Every structure is written in C-alpha cells, then in structure tokens.
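Keep in mind it's a predicted model, so treat the numbers as computed, not measured. FYI, side chains are in, hydrogens and waters are out, and symmetry mates aren't considered; it's all heavy atoms of this structure.
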Amino acid sequence: MSPTDDAPAPGRPNGATDDTPPFRYDGRMADAIETAWQDRWERNGTFHAPNPTGDLGDGFERVAIRSHSYVLDMFPYPSGAGLHVGHPLGYIGTDVYARYLRMRDKNVLHTMGFDAFGLPAEQYAVQTGQHPATTTYANIAVYRAQLRRLGMGHDTRRSVATTDPEFYRWTQWIFLQIFNSWYDPFVDKARPIEDLAAELDAGTRSPAEGTNPFGRPWAELTDLERRGVVDNHRLAYRSESLVNWAPGLGTVLANEEVTADGRSERGNFPVFRRPLAQWNMRITAYGDRLLRDLDQIDWPDKVRTMQRNWIGRSTGAHIAFPSDSAPIEVFTTRPDTVFGATYVVLAPEHPMVDALAATDWPEGTPEAWTGGNESPATAIAAYRASTVGRSELERQAEGKSKTGVFTGAYARNPVTGTALPVFVADYVLMGYGTGAIMAVPGQDERDWEFAEVFDLPIVRTVQPAEGFEQAGGKAFTGNGPAINSSIDGLDLNGLDVDEAKARTVAWLEENGAGRGAVTYRLRDWLFSRQRYWGEPFPIVFDEHGLPVALPESMLPVELPETDDFSPKSFPPEDAESTPEPPLGRLMDWVSVELDLGDGPKTYRRETNTMPNWAGSCWYELRYLDPNNTERFVDPEIERYWMGPSADRPLGGVELYVGGVEHAVLHLLYARFWHKVLYDLGYLSSSEPFHRLVNQGMLQLPAYANKDGFYVEAAEVEERDGHFYYQGEQVTQEFGKIGKSLKNVVTPDGFIAEFGADTFRLFEMFSGPLEQSRPWDAKAIVGPYRLLQRIWRVVLDEHSGETHVSDDPVPDELNRVLHRTIDAVREGYESLRFNTSIARITELNNAVTQAYPAGRAPRAVAEPLVKMLAPLAPHIAEELWARLGHDESLAWDEFPAADPALLVDDTVQVPVQVNGKVRAVMDVPADSDAASLEAAARGDARIAALIDGREVRRVVAVPGRLVNFVVAG
RNA sequence: GCCGAAGUGGCGGAACUGGCAGACGCGCCGGACUCAAAAUCCGGUCGCCGAGAGGCGGUGAGGGUUCGAGUCCCUCCUUCGGCACCA
C-alpha cells in the first residue's frame with residue numbers, strides 16, 4: 001500500500017494522540033522544520049558556489065583559498081509522472097557527499113538541470129494536443145519542487161534545461177565547431193577545417209582515402225568538387241549510408257539505440273537497414289583515444305569494459321586478393337592463417353559485387369552455389385532481395401544456418417597463388433572492416449559452417465590441441481604451431497600464432513600485398529532524427545544541395561512554432577517508407593533568404609533535428625557558467641572546476657553519479673564532444689567525468705495474479721504474510737520500478753509522513769550507493785526513530801527546551817565519540833553512507849545510555865549533530881540553531897577525530913587454540929608478541945587447554961591475536 | 001556461446017591491506033508505560049546441544065594454500081548485467 005494514501009491528517013500525525021509530547025519530532029514537526037530551512041537556504045543563497053570570475057563570482061574571495069570540487073548527477077528527463085523513489089537515490093548520494101565536502105572546507109559545485117528534449121514529450125504532446133514546451137516546462141516545475149522538498153543543496157542559479165533556447169544556442173554552436181573541424185591523423189587531433197583547405201591548396205597534404213570520389217587530383221578539381229572533398233573530411237558530415245530506420249517511430253536511430261534483436265530501444269518497433277542521406281559524427285576518428293584514456297579515469301571496471309567492447313579495437317591486416325576486376329581488400333585479425341584461405345566472401349552491399357560478378361556460371365558450378373539461378377547476376381539480385389532491407393529480427397529468425405551465393409568470380413590468394421571462389425553472404429557485414437573477408441574455415445567457426453553448407457575445402461594451418469578433433473572440435477581458434485604454411489620466402493610452419501602473424505604481415509608489406517591494420521567495431525554516430533522536439537541544425541543548404549554553416553550571429557536557430565509537431569510515422573513493418581521530418585512541413589520556415597557573404601540567396605533549412613543525446617554531451621560545462629552570452633563556458637571557470645590536477649590527470653568532474661544504462665550511449669558521446677572541444681582549444685580538461693559511480697536500482701515489490709498479469713501494487717493488501725488484490729491472492733516479487741510492473745511509488749507520501757530527512761536517511765541506510773536492493777518501505781521507521789532519539793538528546797520533547805549540559809565528556813564516551821568521527825568520515829569519503837549512519841546510531845545509543853534523562857554534554861551533542869548534517873540537513877540545522885548558533889552549519893567545519901583518542905591504552909585480544917577462540921584478554925595496547933604470549937599462557941582457560949599438550953607453534957600478532965598450535 | 005559482477009541470519013546489510021563472522025537497522029519474542037491499543041522506551045534474537053557455565057556447527061557447493069579464509073587460488077552451481085555472425 002502506498003503511504004500516499006494515508007498521509008497524516010493535519011494536526012494528528014502518525015500515531016500522535018493527545019498525550020503525545022508537544023515537541024516530539026514527527027512528520028508534522030519535520031515538515032515545519034524542513035520548509036523553514038529550505039526557505040532560509042534559498043534566501044541566503046547557502047549553496048551558491050562562487051566562480052573565480054564572471055557573473056557568479058560574488059563571494060569568491062571568501063572561498064579562494066579553499067580547494068574545490070564538482071559533484072554531478074546525471075540529469076533527469078522530466079517525465080510527466082514526476083520522481084519516483086528510485087530517482088533520488090543518486091541525487092541524495094551526491095548531495096550528502098557535496099554537503100560533506102563543503103564541511104571539509106571545499107568550494108563545492110552541485111546543481112541539477114534537465115535533459116528535456118526527446119520523444120516522450122513529443123508523444124505526449126501528440127496525444128493531448130498540448131505543445132511539448134508546455135508540458136516539458138510544467139514537468140520541470142514539478143521536478144524542481146520535488147528536489148527542493150528533498151532538501152537538495154543545489155546551486156539553483158546554475159540549473160539549465162537543454163530545451164532553453166539560451167542553452168541550445170550553444171549546443172548548435174558546438175555542432176558548428178564539430179562541423180567546421182576535421183581530424184588530422186598526423187597530430188592525432190581535431191583541427192579547424194580552414195587548415196585542411198589551406199594545406200590541400202598548398203599541396204602539403206592530399207585528401208584522405210575515400211574522400212575524393214572525382215578521380216582527379218585536388219589541383220584539377222572545380223571549386224564545387226573541392227567543397228565536396230572538404231565536406232567529406234568534416235567531423236560532422238552528411239552521407240548516404242545504411243541507417244537504422246524505424247517506420248513505426250518515424251525516425252532513424254543510432255546503432256546504440258537499436259537492441260540486439262533489431263528493435264528500437266524506445267517503443268520496441270522493428271528497425272530496418274536502409275540507405276538514407278543523414279548526418280553523422282566522426283566518432284570513429286576518436287576510437288583510439290576514447291579507448292586509451294579509459295585507463296586514466298576512475299570508472300567502474302564494468303563500464304570501462306563495456307566501452308572497450310563497444311569500441312572494439314582489433315589489430316590485424318588488410319590483404320589484397322587480386323581478381324579479374326580490382327583487387328578485393330579484406331580485413332583479418334589472423335593474417336597468419338592466409339595459407340588456409342579457401343574462399344572469399346563479400347557483404348551483399350559491397351560496392352564491388354556487381355563489377356565482380358561473372359556473366360555466366362563457370363563450367364561445373366555446383367547447384368548449391370547458384371541457388372538455382374540462371375546467372376550470377378540474377379542469383380545476386382535474388383540473394384540481396386532476401387537479405388538487404390529486412391529487419392535484423394527476420395534475419396535472426398532463420399537461425400544460424402549460413403546462406404550465400406557464388407558470384408561466378410575467382411580471386412587469387414596473394415600468398416599461395418591459389419584461385420579462390422568469391423561468394424556473397426550476409427554473415428559478412430559491410431559496416432565492419434572492409435566488408436570483405438578471406439574465409440579460413442580451419443580456424444574460424446563461421447567460415448567452417450559456411451564451408452560445410454557449400455562443400456568448400458577446409459585446410460588446417462594451426463595444429464589443434466591434442467584430442468581436439470576426437471572431441472568433436474571443428475574450427476580451431478586457439479594457439480598452436482602453424483602447419484601447411486610454407487612457400488618460397490615465407491615459412492610459418494612451427495611458429496606460434498603471434499610470431500606467424502608478425503612474419504606474415506612483414507611478408508605482405510614487403511610484397512605489396514597488404515599491411516598491418518587496425519579496425520574498430522565502433523561506427524560513426526548517426527546524428528539526425530526526424531522529430532520536432534529537438535535542437536534544429538544551424539545548417540542551410542545552398543543551390544547545389546551542399547550544407548552551409550550559419551554564422552554564429554544567427555544562433556540560436558529557434559524551433560519554429562507550430563501545432564503540427566507529430567512525427568510522420570508509418571506501419572511498423574513498412575520498410576520501404578521514407579522519413580519525413582515534421583519541420584519539413586513548415587514551408588515558410590524551411591525556405592529562407594540569407595546573405596551569407598556572397599549576396600542574398602534563397603537557402604533551404606536542414607529539417608532534421610539533433611538526437612536527444614546532444615544536450616547531455618556538454619551540459620556539465622554549461623553548469624559552470626550558465627549565463628555567459630559570449631562563450632559556452634569561460635576558460636578560466638572551466639579550468640577552475642574541471643582542469644587537470646594530480647588526482648585527475650585528464651581533468652573532469654570529480655564525481656559523477658548515474659545509472660549504468662548510459663554506459664555506452666551518453667558516456668561515450670559526451671567523452672567524444674569533450675575531446676573535440678579540447679582539441680580545438682576551448683577546454684583544459686580532456687575527459688568530462690573523472691570519477692564515475694553507478695548507483696544501484698531500487699527494486700519495489702510487484703504483484704502478479706495467477707495468470708501472470710501484474711496488478712496495481714498500491715492496491716494490494718497483506719494479510720498473514722499473504723498478498724491479496726481485490727480479494728484474489730497474488731504473488732509478490734521484487735523488480736525494477738516502472739509502469740509495466742505497476743509498482744511506481746513516489747517519495748511524496750513518505751516525506752509527508754516522516755519528513756525528507758528520514759527519507760534521505762532511509763535511502764542511504766539500506767545499502768551502499770552502488771548496490772541494487774529491494775525497497776522495503778516498512779523499514780523506514782528505523783531512520784525515523786534515530787532522528788527522534790537524536791532530537792531528544794538535544795531537547796526535551798515535553799518542554800521544547802534545549803537540555804544539554806556544559807559538563808565535560810566522560811573519558812569512555814569521548815573515545816567512542818572520536819572513533820565515531822573517524823569512522824563516519826571514512827564512510828562519507830568512500831560513499832558508504834550506510835556505515836556512517838550505523839556509526840552515528842551507535843554513538844547516539846551510547847549517549848542515550850549514559851544520559852537516559854537528558855543533559856548530555858554539549859561537547860558530544862554538537863559533533864553528533866554536525867556528523868548528521870550531510871545526511872539529514874534540516875534537523876541538523878534546527879538542532880544546531882537550538883544549541884545556540886546563528887550561522888548555518890552548511891559551511892561549518894566537520895568534526896575532526898583526535899588521533900590520540902583513537903588508540904586505547906588496553907585492547908582486547910582473542911586467544912585461539914588451533915584457530916578457535918578460547919579466551920579474550922585485556923592487554924596493554926602496545927604489548928609485543930612475547931608479552932602477549934606470556935599473558936595468554938597466564939590465562940586459566942588457555943593454560944588448561946594447552947596443559948600437557950605439545951605446543952608446536954605460537955603465533956602472536958601484536959594488537960591482533962594469539963594462536964597456539966598444539967598437537968592432538 | 002563470449003565477457004563481467006555477485007552469492008553472509010527471517011529481511012536490508014557490516015566485517016580496514018587474511019586475524020573475535022553477523023556491526024547498524026527492519027522484523028520477531030519478552031518487558032515497561034496504558035483501562036486498552038498505537039506511539040515511545042528497555043531487554044533478547046545465526047542454528048543445534050545444554051538449566052547454566054559452556055560446547056559443536058556455520059558466510060552457495062566441493063577441493064586447496066595458511067597457524068588462521070566471508071576475504072586468496074582451482075572446479076562447479078545459482079542469480080543478475082552486458083555483448084552476440086565484428087572476420
């Protein structure tokens with residue numbers, strides 16, 4: 001049952017009756033305290049973090065000598081449902097940490113913005129007829145109120161939404177920087193595109209491979225052709241290529257947004273591969289740096305592994321296989337197996353397929369190779385029809401059996417000279433490597449399968465391990481000595497795989513037949529979407545249909561007003577449909593008269609919009625300097641908050657907390673943009689996020705009836721350990737919070753009943769930040785009781801009087817206090833707030849035990865309140881004020897442990913006999929091994945146990961234990 | 001199939017670089033207060049044997065290293081996450 005349903009009635013909070021003490025800390029008291037402090041924090045700008053310069057520079061002198069920290073959350077998409085209890089887990093975590101750091105004498109930047117462009121707002125708008133901007137900003141207002149009510153110490157002056165024109169103006173500006181750049185492989189960084197044109201003109205550089213389709217050198221190209229060549233170098237470029245088209249969604253998608261079974265991550269529609277002209281970002285140019293720099297940032301191994309796999313760097317070789325038309329260039333990671341290549345395969349979309357195809361089947365071509373077709377051309381056409389343009393789902397439905405067709409053509413193995421049949425097969429992908437392979441069935445499982453289907457020869461070139469074939473092994477992919485691999489001038493036989501690879505590559509390079517090569521799994525980032533609710537491109541097309549950047553002075557290109565914002569979607573299976581961007585319907589807007597330097601002309605605007613990842617690629621930079629109208633961020637401010645330091649060699653946000661679901665989407669894109677901006681000299685940091693922590697997911701109870709359908713969790717009742725929905729028994733499980741499990745719970749009810757402080761404490765107490773765990777709402781009373789008890793240490797709940805004393809703290813309690821301080825700090829620093837809370841609880845238990853009637857010494861009550869402050873800031877502020885302090889403790893000094901009090905004069909040391917604890921003795925803390933042993937032998941129990949037995953060994957570790965190893 | 005993470009009481013979880021397993025909390029049991037209940041407070045709570053002192057067992061399973069293993073190594077099981085014709 002949701003607590004929203006039984007929020008306390010005004011004047012009678014949970015459990016309160018007439019004889020409840022008037023100053024008891026309960027939900028109503030918490031509400032009064034919390035709203036009052038939230039108002040005061042806002043009034044005083046308590047959480048304003050001064051910048052070293054600029055409009056947010058007020059008060060910087062005060063913090064100039066402090067060190068500084070930037071603590072960041074992944075900003076939310078403001079959905080109509082508001083926050084549920086899972087969202088704030090990370091937000092509370094960063095807030096606790098930020099508040100702790102502030103009390104540790106740091107200038108802390110902590111704020112929250114909104115990632116507000118995107119499909120749900122647009123779909124909701126289509127349903128309701130309201131403009132997406134209206135619903136988006138209404139939702140943002142709800143989120144801001146919820147965050148405020150949770151007591152977040154955010155610098156609200158810095159809050160931005162990606163949909164603000166003042167924000168997306170700079171998203172567009174960054175797009176233009178990327179558009180106006182190219183990647184210079186010689187210096188391994190992005191450079192302004194003008195440099196490229198200049199170098200091409202000067203003849204000091206030639207166009208990169210594949211960028212000059214005109215077949216003539218640069219000097220002989222027309223101006224228009226030169227523009228085309230330059231455009232082909234840009235980091236943001238248009239190209240006609242195979243893209244993921246989701247007709248049901250009405251838009252194209254990035255590879256990262258398509259699931260493994262070929263459907264859209266959003267909406268779960270089938271996705272088809274279609275050639276379309278779209279914008280791309282050349283993220284592949286950064287593949288190596290994105291990979292390399294992972295080693296220098298403090299991220300979970302899991303996420304780094306996922307990024308490494310996504311980038312998928314493979315080293316191997318390009319090898320040219322001569323044919324009757326041009327040579328076929330293949331990529332292989334196993335150049336050492338070239339002697340075992342028995343056929344060649346091209347992807348169905350490979351551009352050489354048509355030129356290569358023979359006019360007729362060669363004499364004696366087996367039936368299986370022709371697919372029963374008259375000629376290679378018809379066979380290829382039929383095969384393409386059966387593969388290209390079909391969804392991944394359909395392809396996978398056929399299972400793993402290999403399909404393909406012979407082209408009628410042969411290529412020559414450049415090493416052995418053998419003629420190899422050339423096939424077309426869809427198990428070779430156009431998007432990876434060169435789109436062509438040499439097939440080595442002896443050492444590759446997929447090639448083996450294909451060879452079996454088409455009855456192709458199989459040659460082993462690596463000796464399989466002993467018993468491999470007897471055990472049913474087919475292709476052998478392991479290490480072993482090379483066999484059957486020798487010609488004049490190249491003898492691999494007996495070499496292991498690594499040696500054989502190196503030898504082969506050297507031979508290929510000497511003989512001009514190939515060279516060492518690196519390939520990435522990563523593809524360029526498809527960057528345009530056919531949606532209304534996104535950033536317009538700052539691009540127009542001229543009379544040649546070529547893109548022209550709008551000048552900075554024309555930014556932002558605002559989204560045009562319209563009530564016709566629904567995307568044009570199609571039947572989900574209609575693969576032949578073509579995307580139609582909603583902006584394309586606004587003819588008045590699309591066609592625009594501009595003077596871009598060569599007189600007024602009519603241009604056509606780009607009608608696609610950017611993907612919703614665009615804003616999140618750089619928002620953390622805008623928080624730094626949100627009102628700057630001259631730059632996206634002032635370099636001095638960026639260097640102050642994010643510049644490299646000894647701890648953060650590449651710079652970046654000190655702590656970034658968010659869900660692991662962004663491991664290869666947002667986090668890869670943001671790193672890429674950041675590196676481009678770094679290359680172009682706008683940033684001092686080359687990574688955006690130094691330390692990443694993935695907060696766990698809260699799992700809520702969900703209830704299913706006997707037919708397996710989920711029922712509304714809020715309406716389920718519990719009786720005698722069983723669960724009932726409308727009288728019918730249902731079963732309980734724990735799962736991800738969401739509409740589909742009908743188990744969404746919002747924080748509001750808990751805050752109303754217990755207060756935000758209790759809620760914060762509860763979320764932090766149930767486990768470490770990174771860990772997923774079930775949300776057991778009943779347990780919230782634990783943290784609630786803790787706050788009530790701390791409250792009573794400071795004041796009398798009957799009179800409301802503060803009742804601490806000025807007595808000295810007794811020695812023993814003082815030691816507990818200082819040990820607690822030490823442990824609580826440790827917990828805060830390592831983000832294990834659950835242990836900090838446990839230690840605070842222990843200290844409080846010790847205090848209430850020592851002073852059951854109140855009058856605890858101020859010298860223990862005050863540090864107790866301070867230690868609580870990051871977790872439960874409102875009650876801490878209130879108690880701090882009642883203890884007689886005028887200033888907020890948000891900037892006060894966190895208690896420090898006296899090292900002298902952390903070590904005891906005497907310690908308890910367990911004594912073991914054969915590893916079992918038999919006694920515990922009190923000994924001086926500095927006892928050495930000999931005196932420990934002596935003391936242990938002096939213990940009556942131990943003496944009795946070892947009496948008459950042979951002591952073979954004594955292990956005495958000072959401060960730890962004594963262990964007697966005895967015979968028998 | 002490949003890669004990665006994790007398995008500790010009825011539950012969430014503690015346990016520093018190998019050194020008293022179960023801190024802290026929930027729940028449960030008992031008690032105080034109350035006409036009663038709720039709220040609050042106090043005590044107990046890993047299992048088995050024992051009146052007790054105490055003993056024995058115990059961190060997914062099995063093996064190993066060690067004086068000593070929740071922690072390190074090997075094999076297996078289970079759960080969760082990621083990738084999936086990437087040559």
Any idea which heavy atoms bring A:Arg384 and A:His350 closest together, and the distance?
NH2-O, 4.2 Å
If every non-hydrogen atom of A:Ile837 is compared with every non-hydrogen atom of A:Thr841, which pair is closest and at what distance?
O-OG1, 2.7 Å
note: A:Glu449, atom CD; B:A87, atom P; distance rounded to Å ~ 16 Å
From B:C20, B:G12, B:G19, pick the nucleotide closest to the side chain of A:Val917?
B:C20
Which part of the nucleic acid, if any, lies within contact of A:Gln771, taking any heavy atom under 4.0 Å across all strands shown: a base, the sugar-phosphate backbone alone, or nothing?
sugar-phosphate
May I ask you to decide if A:Thr403's main-chain N or O and A:Tyr383's side chain share a donor-acceptor pair within less than 3.5 Å?
yes
Side chain of A:Thr333: nearest nucleotide among B:U40, B:A15, B:A87?
B:A87
Of the nucleotides B:U40, B:C85, B:A87, which has the atom closest to the A:Val428 side chain?
B:A87
Can you check each nucleotide of nucleotides 22-28 of chain B against protein heavy atoms at under 4.0 Å and return B for base, S for sugar-phosphate only, - for none, in 5' to 3' order?
-BBSSS-
If only side-chain N and O atoms of A:Gln849 are considered, is one of them under 4.0 Å from the OP1 or OP2 phosphate oxygen of B:G43?
yes
Of the candidate nucleotides B:C16, B:C3, B:A84, which contains the atom at the shortest distance from the side chain of A:Arg521?
B:A84
Between CG of A:Leu787 and P of B:U40 the distance, given in whole Å, is 12 Å
Whole angstrom is fine here: how far is it from CG in A:Asn694 over to P in B:A5?
14 Å
Is B:G44 syn or anti, taking syn as a glycosidic angle within 90° of 0?
anti
Atom pairs, protein N/O to nucleotides 49-54 of chain B N/O, distance under 3.5 Å:
none

In whole angstrom, what separates A:Leu961's CG from B:G18's P?
14 Å
So if I take every side-chain heavy atom of A:Pro768 and compare against B:C85, B:G13, B:A87, which nucleotide ends up nearest?
B:G13
Which is more 5' along RNA chain B, the nucleotide nearest A:Thr848 or the one nearest A:Phe331? Just name the residue.
A:Thr848
Can you find a heavy atom in the side chain of A:Val693 that is under 4.5 Å from one in the side chain of A:Glu770?
yes
Can you check whether A:Arg953 has a side-chain N or O nearer than 4.0 Å to OP1 or OP2 of B:C67?
yes
Residue-phosphate contact under 4.0 Å: A:Gln912 side-chain N/O, B:C67 OP1/OP2
no
Nucleotide nearest A:Arg792 (side chain, heavy atoms from C-beta), chosen from B:C41, B:C20, B:G19:
B:C41
Angle class for the A:Phe750/A:Phe759 ring planes (parallel below 30°, perpendicular above 60°, tilted otherwise)?
tilted
Under 4.0 Å, counting only non-hydrogen atoms across every strand here, what does A:Thr519 touch: a base, just sugar-phosphate, or nothing?
nothing
Reckon A:Arg960 touches a base, only the sugar-phosphate, or nothing at all at heavy-atom distances under 4.0 Å?
base
Secondary structure string for RNA chain B (Watson-Crick or G-U under 3.5 angstrom, | for other-strand pairs)
(((((((..(((......[....)))((((((.......))))))((((....))))..(((((..]....))))))))))))....
Row check, A:Phe450 ring normal vs A:Lys402 NZ/CZ: under 6.0 Å, within 45°
no
Between A:Arg334 and A:Pro910, who's closer to the 5' end of RNA chain B by nearest nucleotide?
A:Pro910
Taking the side chain as everything from C-beta on, heavy atoms only, tell me whether A:Tyr432 gets closer than 4.5 Å to A:Thr519.
yes
CD/A:Glu452: more than 12 non-hydrogen atoms of other groups inside 6.0 Å:
yes
